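On a predicted model such as this, the values are computed, not experimentally measured, just so you know. Naming convention: chains lettered A, B, ... in sequence-line order (proteins, then strands); numbering from 1 in each chain.
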There are 2 protein chains.
Amino acid sequence: MANSSEGTHRVTISDIAKRAGVSKGAVSLALNDRPGVSDETRKRILAIVKELHWSPNRAARALSAAKAGACGLVLARPARILALEPFFVELISGAESELSERSIALTIQLVHTVEEEIAVYRRWWAERRVDGILMVDLRTNDPRVEELRRLGLPAVVVGGPVRDDGLPSAWHDEAPVVADVVRYLATLGHTRVARVAGLGEFVHTATRTAAFLDVTSELGLAAEVVETDFEPESGARATRKLLSRPEPPTAIVYDSDLLAVTGLGVAHQMGFAVPDDISIVAWDDSLMCGLVHPPLTAVTRDIPAYGAAATKLLLATIDGHSPGDIVTPRGVLTPRGSTGSARAAQRESAPTN
Amino acid sequence: MANSSEGTHRVTISDIAKRAGVSKGAVSLALNDRPGVSDETRKRILAIVKELHWSPNRAARALSAAKAGACGLVLARPARILALEPFFVELISGAESELSERSIALTIQLVHTVEEEIAVYRRWWAERRVDGILMVDLRTNDPRVEELRRLGLPAVVVGGPVRDDGLPSAWHDEAPVVADVVRYLATLGHTRVARVAGLGEFVHTATRTAAFLDVTSELGLAAEVVETDFEPESGARATRKLLSRPEPPTAIVYDSDLLAVTGLGVAHQMGFAVPDDISIVAWDDSLMCGLVHPPLTAVTRDIPAYGAAATKLLLATIDGHSPGDIVTPRGVLTPRGSTGSARAAQRESAPTN
DNA sequence: CTGTTAGCGCCTTCAT
DNA sequence: ATGAAGGCGCTAACAG
């Protein structure tokens, strides 16, 4: 009862100053480790700061520094998809590792459309609620890029590159990784391969598809690409379509782990054995790939590192440096049980549904 | 070139006031829809506000209102687990639906331990970075509850109840739901059932376990509970242990969808057919449950609604009202392909590994 | 009904 | 080396 107001009272710099018998300015100098105050006084002040458990008030600091002390991330995919895409949470975890060090907050908002996303950027920046943002799911001719530039809101794109003088980005060329995957399948003897892609408007989807078609044609493989909107239902449909062909592919590369797991379920359901009848490769590796049976061969990227790199770049951009793009480490193929030799699959025609 | 500073200049209330030929105070009154200014002037002011695209500066508003305009959520589970637990993203999406309406931000932080979590609360509150927080994964004798009360940081627990005069919470009694699940299995003829539980320190785990043992004993079923730490490896071990018994259970209820999917993989791997040899029930339904083969019978809750209810309660708490706990709708069992009659399973002994 | 004023808590000039 | 003063943008309590 006696201390009931303990949690309520705020310690301010004035309190410190009063207690130390100096001015507010002196305290400020001492706190920021700048000259203008004697060593002894500084020590005394810092001791009192500790004793009184003083912490700077973010709002006050933000106001005087004209910095929000926060970065933003807007996600424009349906929540139930996001919930299942480990990519985003891992990205967030990587971003945080950079931010929390500098005690910058991460503000997240989920929206439904790109238009809403842009509206959020406008509001955030108008209110100076964030100092910069991380942007994901870059599209070809993405309207967000121009808008962000117009606003002057510091931003970094996760997964570029953004053409011309767009925005800085953290990315790596995925074409060689696609080539690795296709060559791996070719080595296993597959001659009919397919790709279940994500949304074609996304730059990363388009890049991977182009590379896929290039490499397969170079190797003389029969190739097919089916686009989806990343929704599991859509992925299931794509898989069903592919496996219903008179001569179905013997290997399918999916554009996310979620799509791959969906494909695995559909294959099972249609009576295809994995990997004997059909090999499956996931893009982006998460725990989920290892949980299902058989465990999925996947392209593994260190996504938290990806998020951390992008965040580092963002912080530099906010600070006014304008470093070039950051190239992140490329993904590597992690073979697991879902891929196998094509011989079994080709020996006989596919099972009927 | 001419407009190059467009994105940089900030419009303030002073600008509006100058332009309208009134004082800042008048503008403030007009903006906040409060009396003290004539209707005509108000209109004129609002028009200028629109014309100049004015938005309030959060930092300034926060400073003068002594409100951060943000709520916090700290998650203390490993990122790679969080990434796969749809629960959290869905919870966030529900929370946001409430927050964004009032244009309150959601600040998220991932940490490793409860101690770190508490440290974040202290810092956030000391800095007035948030106005309140949503707390998850309540434990028995949870140290966070006392600390939050001591700090005076407004908080709501998602999934209570918190005993005594702890903190307000949004929750529902899960015992009846557990009973439903067990009765459902009993009706299918199962007599040996097991539960792969989460962390026993979590209140919801303890509640479900107690209910599970109660109901099974009441129905005369052989029951066993194995605890895990929610990690897939740990869940896999538990499943392996159960299925290696001389008389293995014919049905297992898992404490999350992630654990259930893991269990399904292990069962497949050990040569158990699902649901013929072993029935599987997941707790918390997400897309993932429908993707695997066979699709998992699961306890379905409207988690976004849960998050929204908790957030509503939090906002009320912040505003100084102290409403009682909110009781959220209970989960319902959604039967799918992973549960079946026990007859097949009991007819013969379990397959060997 | 209007306009002026004084803070919110911090930082950064300036004089001293 | 120190202290006093002013401003960041907004709100609220005053006078006019």
Side-chain angles (χ1 to χ4, degrees), chain A residues 8-46 48-49 52-70 103 123-131, chain B residues 8-46 48-49 52-70 103 123-131:
Chain A
T8 337
H9 177 62
R10 272 209 51 88
V11 181
T12 79
I13 284 202
S14 301
D15 297 327
I16 312 276
K18 212 172 295 169
R19 181 75 168 270
V22 300
S23 74
K24 293 195 300 174
V27 175
S28 189
L29 293 180
L31 283 169
N32 298 334
D33 217 22
R34 285 146 41 79
V37 56
S38 73
D39 239 40
E40 197 195 355
T41 319
R42 182 188 307 276
K43 269 185 193 158
R44 192 158 44 89
I45 291 177
L46 292 181
I48 296 180
V49 163
L52 263 45
H53 296 113
W54 175 87
S55 305
N57 176 311
R58 288 316 289 204
R61 181 165 279 185
L63 182 57
S64 92
K67 289 255 174 207
S103 145
R123 187 163 51 73
W124 275 357
W125 191 232
E127 299 181 350
R128 287 300 188 274
R129 210 188 235 294
V130 297
D131 299 317
Chain B
T8 338
H9 178 61
R10 274 209 50 88
V11 181
T12 80
I13 283 201
S14 300
D15 298 328
I16 311 276
K18 215 172 294 169
R19 180 75 167 269
V22 300
S23 75
K24 292 196 300 172
V27 175
S28 188
L29 292 180
L31 285 169
N32 298 336
D33 215 22
R34 283 144 41 81
V37 55
S38 73
D39 240 40
E40 195 195 353
T41 319
R42 183 189 307 276
K43 269 186 194 156
R44 191 158 44 90
I45 291 176
L46 292 181
I48 297 180
V49 162
L52 263 44
H53 297 112
W54 175 87
S55 304
N57 177 312
R58 287 316 287 204
R61 182 166 277 184
L63 183 59
S64 99
K67 288 257 176 207
S103 144
R123 187 163 51 74
W124 274 357
W125 190 232
E127 298 181 349
R128 286 301 187 274
R129 208 187 238 294
V130 297
D131 298 317

**Fill in**
Between A59(A) and L63(B), the two heavy atoms sitting closest are CB-N, 3.7 Å
**Asked** Closest approach of D131(B) and A68(B), non-hydrogen atoms and distance?
**Response** OD1-N, 2.6 Å
**Asked** Is any side-chain heavy atom of L31(A) closer than 4.5 Å to a side-chain heavy atom of I13(A)?
**Response** yes
**Complete:** Between L63(B) and A26(B), whichever has its closest DNA chain D nucleotide further toward 5' is L63(B)
Short side-chain N/O contact to [N] OP1/OP2 from [X], under 4.0 Å:
X	N	value
T12(B)	dC8(D)	no
R61(A)	dG9(C)	no
S64(A)	dG7(D)	no
S28(A)	dT12(C)	no

Rounded off to whole Å, could you give me the [atom1]-to-[atom2] distance for the [X] and [N] pair?
X	N	atom1	atom2	result
L52(B)	dG9(D)	CG	P	14 Å
K24(A)	dG7(D)	NZ	P	14 Å
I13(B)	dT4(C)	CD1	P	15 Å
R44(A)	dA1(D)	CZ	P	15 Å
L29(A)	dA1(D)	CG	C1'	10 Å
I45(B)	dT2(C)	CD1	P	8 Å
N57(B)	dT11(D)	CG	P	10 Å
D15(A)	dG9(C)	CG	P	9 Å

**Asked** Within 45° of the axis and under 6.0 Å from the centre of the six-membered ring of W125(B), does NZ or CZ of R123(B) qualify?
**Response** no
**Fill in**
By nearest-nucleotide position on DNA chain C, the 5'-leaning member of A60(B) and V22(B) is V22(B)
**Asked** Is the backbone N or O of A20(A) less than 3.5 Å from a side-chain atom of R44(A), with the two atoms forming a donor-acceptor pair by type?
**Response** yes
**Prompt:** So what does T41(B) touch, heavy atoms closer than 4.0 Å: a base, only the sugar-phosphate, or nothing?
**Reply:** sugar-phosphate
